[in-house]
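FYI, the numbering just counts along the sequence from 1. When a ligand or atom number is given, it counts from 1 through the structure's own listing order.
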Amino acid sequence: MQGTTIFTTMSALAQEHNAINLGQGFPDFPMSPVLTEAVNHAMRSGYNQYAPMAGWLPLREVLAEKIDYLYGQSVHPDTEITITPGGTYAIYTALTSILSPGDEVLVLEPAYDSYVPNILANHAKPVLISLNQPHFSIPWEKINAAVNSKTRAIIINTPHNPSGTIWSAADMQKLQQLVVTNKLYVISDEVYEHLVYDGETHQSVLRYPDLFQRSFACFSFGKTFHCTGWKIGYCVAPKELMQGFRKIHQYNCFSVHTPSQVGITEYLKDRSSYLELASFLQEKRDYFIELMRLTRFNLLPSKGSYFCCAGYEQISELPDLDFALHLTREHGVATIPVSAFYQDAQPSPYIRFCFAKKKETLEAAVEKLRKV
Ligand code: GLN
């Protein structure tokens with residue numbers, strides 16, 4: 001396991017050098033005042049004691065409605081949804097609820113940096129499979145070949161951090177077949193579910209009934225509502241799987257901040273709270289792409305998430321970590337080296353930019369990047 005996450009390292013370095021932080025994935029624009037007011041109102045109205053272990057029931061009900069509306073899946077708010085302190089916690093708890101020592105879990109790299117430590121903490125074995133280059137498509141042959149009698153689960157992530165690629169309906173069909181045939185479980189990291197661009201559809205495991213029967217879908221309100229510091233999210237899984245999840249959750253966290261849950265419930269009743277997110281962030285992505293034309297970086301396509309990767313072969317031959325450190329120290333722009341999303345520490349030819357920033361921030365960053 002790496003000692004310190006790359007997000008902490010790069011954000012600290014950005015601060016030290018007073019650099020513009022396009023590294024760690026968090027927005028620098030304000031969240032909705034309607035939502036902060038709803039949470040304030042909940043506090044003033046006395047919603048300040050423990051919420052139920054599984055979450056504030058009206059929130060779970062409004063989420064069940066949203067899931068039915070968006071993905072056509074009927075989930076039971078009582079037994080199939082649990083509110084969690086963030087998406088990362090939901091992923092850890094789901095893994096812990098199904099893994100025994102010696103189990104294998106398929107992880108597609110580049111992978112968000114918590115997955116492998118979460119698997120190792122359960123004395124299970126991560127089986128690392130690289131996504132296809134250059135555009136990070138899904139290597140189905142390699143995945144099918146990696147399955148054996150010890151394989152317990154696969155972790156998927158769409159929209160994908162760090163590449164910004166998204167899974168297609170055909171990928172989901174292949175996944176469903178793999179999972180059903182081999183009786184695997186799926187941990188589906190869908191924290192960027194609402195950030196899918198160009199009119200494409202988010203491929204949630206919740207759209208596929210047979211897949212859902214074997215899945216834990218993990219979501220984040222922080223990513224959805226531009227409040228990553230709130231650390232609140234949820235997990236959706238069929239009843240039998242959710243029972244195991246809650247056994248872990250009840251002794252680990254027990255329950256999540258009540259006024260946030262009450263406020264988010266009110267806010268979610270207005271569908272525009274999530275339906276307008278994609279166009280809002282797509283505008284930022286498009287603006288960033290347009291500005292970056294003035295630089296020597298080669299952006300890869302980004303179809304979703306907060307992120308866009310870029311090659312820098314016209315600029316430097318440094319390994320990506322060294323290049324990202326150099327960019328922060330000498331040019332005042334922090335990014336994330338994509339090799340941090342691989343276990344074998346091979347340098348990758350890409351760095352990751354977060355475009356979920358104010359226009360002025362993107363302009364100021366690109367002004368610096370033009371000189372690189
Ligand atoms: N998910 C965010 C990212 O990928 C940050 C998470 C974190 O800082 N741990 O940048």
Side-chain angles (χ1 to χ4, degrees), residues 1-16 19-29 31 84-93 95 107-119 121 131 136 155-166 187-196 217-235 277 281 284-285 288 300 302-310 320-321 324-325 327-328 333-343 348 350-357 361-362 365:
M1 290 188 205
Q2 280 155 353
T4 305
T5 84
I6 191 69
F7 309 111
T8 303
T9 306
M10 294 309 293
S11 282
L13 196 71
Q15 220 161 19
E16 189 190 323
I20 299 172
N21 193 350
L22 301 191
Q24 194 176 23
F26 65 89
D28 72 342
F29 42 84
M31 62 177 295
T84 63
T88 305
Y89 170 100
I91 293 165
Y92 173 77
T93 305
L95 284 165
V107 178
L108 306 176
E109 287 191 319
Y112 185 58
D113 74 343
S114 75
Y115 303 160
V116 167
N118 287 179
I119 295 165
L131 294 173
F136 303 104
I155 305 181
I156 70 159
N157 171 217
T158 182
H160 183 240
N161 181 6
S163 73
T165 52
I166 54 174
I187 314 297
S188 184
D189 176 351
E190 303 187 24
V191 299
Y192 302 103
E193 69 174 323
H194 296 301
L195 309 183
V196 174
C218 303
F219 299 94
S220 159
F221 292 119
K223 290 291 188 323
T224 301
F225 296 136
H226 320 312
C227 52
T228 58
W230 285 19
K231 288 305 296 177
I232 179 164
Y234 56 104
C235 180
L277 291 164
L281 263 299
K284 292 191 178 296
R285 179 204 63 173
F288 182 62
L300 300 184
S302 165
K303 290 283 191 184
S305 81
Y306 280 168
F307 309 116
C308 190
C309 289
D320 62 343
L321 174 60
L325 295 174
L327 212 52
T328 312
V333 180
T335 59
I336 301 289
V338 169
S339 61
F341 294 76
Y342 290 88
Q343 294 299 311
S348 116
Y350 305 119
I351 55 172
R352 186 194 81 176
F353 291 97
C354 172
F355 54 74
K357 303 289 173 188
T361 309
L362 297 176

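Remark: side-chain polar atoms of H226 are not paired, donor with acceptor, to backbone N or O of A356 under 3.5 angstrom. Checked by atom type and distance alone, the side chain of D113 never pairs as donor or acceptor with a backbone atom of Y115 at under 3.5 Å.
Residues forming a salt bridge (Lys or Arg N to Asp or Glu O under 4.0 Å) with K284 (at least two apart in sequence, or on another chain): none.
Between F221 and F225, the ring planes are parallel. Angles under 30° get that label, and only those over 60° would be called perpendicular.
For the pairing with F307, the ring-ring contact (aromatic ring centres under 6.0 Å, His included) check across F136, Y192, F341 returns one residue only, Y192.
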Give one line per pair: atom of ligand 1, protein atom, distance. Only N/O to N/O under 3.5 Å.
unit_1	atom_1	unit_2	atom_2	d
ligand 1	1 (N)	K223	NZ	3.2
ligand 1	4 (O)	N161	ND2	2.8
ligand 1	4 (O)	R352	NH1	3.0
ligand 1	8 (O)	Q24	NE2	2.6
ligand 1	9 (N)	Y112	OH	3.3
ligand 1	10 (O)	G25	N	2.7
ligand 1	10 (O)	R352	NH2	2.7

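In this structure, K223 forms no cation-pi arrangement with F26, as its terminal cationic atom is not both closer than 6.0 Å to the ring centre and no more than 45° off the ring axis.
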